[in-house]
Protein chains: 2
Amino acid sequence: MRSPEALAQRFRETDRKVTPQRIAVFEALDKGAGHSTAEQVHSSVAENLPTISLKTVYEILRELSELGELVMLDLGTGAVRYDHNLVLHHHLVCNECGAVVDIPAHLTDLQLDGVQDLGVSVSTAELVLRGSCSRCNTQDPKQPSNK
Amino acid sequence: MRSPEALAQRFRETDRKVTPQRIAVFEALDKGAGHSTAEQVHSSVAENLPTISLKTVYEILRELSELGELVMLDLGTGAVRYDHNLVLHHHLVCNECGAVVDIPAHLTDLQLDGVQDLGVSVSTAELVLRGSCSRCNTQDPKQPSNK
DNA sequence: AACCAGACAACAATCATTGTTGATTGGGGT
DNA sequence: ACCCCAATCAACAATGATTGTTGTCTGGTT
């Protein structure tokens with residue numbers, strides 16, 4: 001994730017206006033968890049800017065993903081996640097608490113060598129693991145944390 | 001995918017009734033493409049059984065997935081896909097026509113050796129590739145086919 | 001300070017999916 | 001064969017995430 005200032009700069013460079021709403025979203029993302037939903041970003045922003053609409057948050061997030069500053073992730077958890085982490089990695093969705101954990105790509109090894117034989121071409125590969133996160137693994141008596 | 005007869009048998013064994021609607025869904029799945037949406041199954045069934053409701057189709061599909069006879073797949077294409085193929089495999093979603101292509105697992109090699117160090121435990125791994133299918137690869141001038 | 005494209009908030013709409021309800025029916029036990 | 005009742009059904013309403021519409025407002029350049 002780039003700093004709020006860098007994102008503001010990027011917006012100016014691409015002829016977008018840097019509004020209070022946008023600054024607030026940049027900052028919420030910066031201090032946020034890393035795989036927030038639009039709803040979560042909106043809640044966070046609304047603490048300081050109560051009038052901001054959810055629609056506006058959706059628009060700003062979409063623009064950020066168009067600029068490649070974040071990645072939209074559909075992990076089958078109901079709502080799209082907006083991922084700051086621009087370095088190649090994978091995800092584990094905790095079956096117990098719903099948390100999303102980054103899995104560094106170097107911990108996995110994907111060999112797709114045989115795939116071309118099917119006549120397809122692959123542009124992206126997304127590995128979704130399901131299981132339980134370290135927190136739920138240790139303190140098992142289920143305590144829903146962040147969805 | 002098991003035969004419609006085998007599914008009927010399975011339903012009887014688990015104290016479920018074998019209704020005309022269920023038989024029709026079993027048969028639609030049997031002759032269908034392999035990653036149908038609920039909507040597609042409903043359309044197919046409705047050709048012979050015009051009064052069946054979409055809700056009923058959803059219920060039958062959910063029961064089949066509870067029995068492990070098919071797998072619900074959310075590939076980020078808007079609607080859940082119901083997958084007949086019970087053998088481990090992965091999926092490629094065509095960015096051009098939206099088709100879903102099975103990728104046999106033996107064509108890929110997933111090494112997850114380093115993952116435990118994070119304290120997580122992995123129960124399932126789902127690899128989603130995006131790119132273009134063999135059809136769109138050859139006859140490029142885009143022709144939307146089956147979504 | 002004025003301008004105006006772009007951004008905003010409020011509101012309605014959409015789409016996949018699930019909940020509710022009240023009528024209907026399959027099939028095991030008599 | 002008949003009864004019975006839980007299981008199933010269809011119609012309808014509701015949900016939740018997301019997007020479309022519209023008319024007003026504002027950031028940042030002139």
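Hydrogens, waters and symmetry mates play no part in the numbers below; they use all other heavy atoms, side chains included. In what follows, every chain begins at residue 1, and chains take the letters A, B, ... in the order their sequences are listed.
- The backbone N or O of Arg130(B) lies less than 3.5 Å from a partner atom in the side chain of Ser123(A), making a donor-acceptor pair.
- Between the side chain of Arg81(B) and the main chain of Leu75(B), no donor-acceptor pair closer than 3.5 Å is present.
- Atom CD1 in Ile60(A) sits about 14 Å away from atom P in dT19(D), given to the nearest Å.
- Partners of Gln9(A) by side chain to side chain contact (heavy atoms under 4.5 Å, CB included), not counting sequence neighbours, listed by chain and number: Arg12(A), Glu13(A).
- A donor-acceptor pair under 3.5 Å links the side-chain atoms of His84(A) to the main chain of Leu29(A), judged by distance alone.
- Rounded to a whole Å, the CD atom of Gln21(B) is 14 Å from the C1' atom of dA11(D).
- Taking atom CG of Asp15(B) as the reference point, atom P of dC5(D) lies 18 Å away to the nearest angstrom.
- When the C1' atom of dA17(D) is taken as reference, atom CE of Met72(A) falls 11 Å away, rounded to whole Å.
- If you take OG on Ser121(B) and CG on Leu92(A), they are separated by 7.5 Å, rounding to the nearest 0.5 Å.
- Atom OG in Ser65(A) sits 11.5 Å away from atom CG in Asp83(A) (nearest 0.5 Å).
- In terms of position on DNA chain C, the residue among Leu49(A) and Arg62(B) whose nearest nucleotide sits closer to the 5' end is Leu49(A).
- Closest-nucleotide positions on DNA chain C for Glu59(A) and Ala79(B) were compared, and the one nearer the 5' end corresponds to Glu59(A).
- For the pair Lys55(B) NZ and dA14(D) P, the computed distance is 15 Å after rounding to whole Å.
- When rounded to the nearest whole Å, the span between NE2 of His42(A) and P of dG16(D) equals 16 Å.
- Phosphate proximity of dC9(D) to Arg22(B): present, with a side-chain N or O under 4.0 Å from OP1 or OP2.
- Applying the salt bridge (Lys or Arg N to Asp or Glu O under 4.0 Å) rule to pairs touching residues 31-51 of chain A yields nothing, sequence neighbours excluded.
- Whole-Å rounding puts the Tyr58(B) OH to dA10(D) P distance at 15 Å.
- Taking His91(B) as the reference, His35(B), His89(B) meet the ring-ring contact (aromatic ring centres under 6.0 Å, His included) condition, with sequence neighbours excluded.
- Not counting sequence neighbours, the partners of Glu66(A) by the salt bridge (charged side-chain N to carboxylate O under 4.0 Å, His left out) test are Arg62(A).
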task: Do nucleotides 25-30 of chain D as a string where each nucleotide becomes B, S or -: B if the base has a protein heavy atom under 4.0 Å, S if just the sugar-phosphate does, - if no protein is that close.
output: --BS--
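- In summary, contact between chain A and DNA chain C, defined as any nucleotide atom under 4.0 Å from a heavy atom of the protein, begins and ends at dA5(C) to dA9(C) in the 5' to 3' direction.
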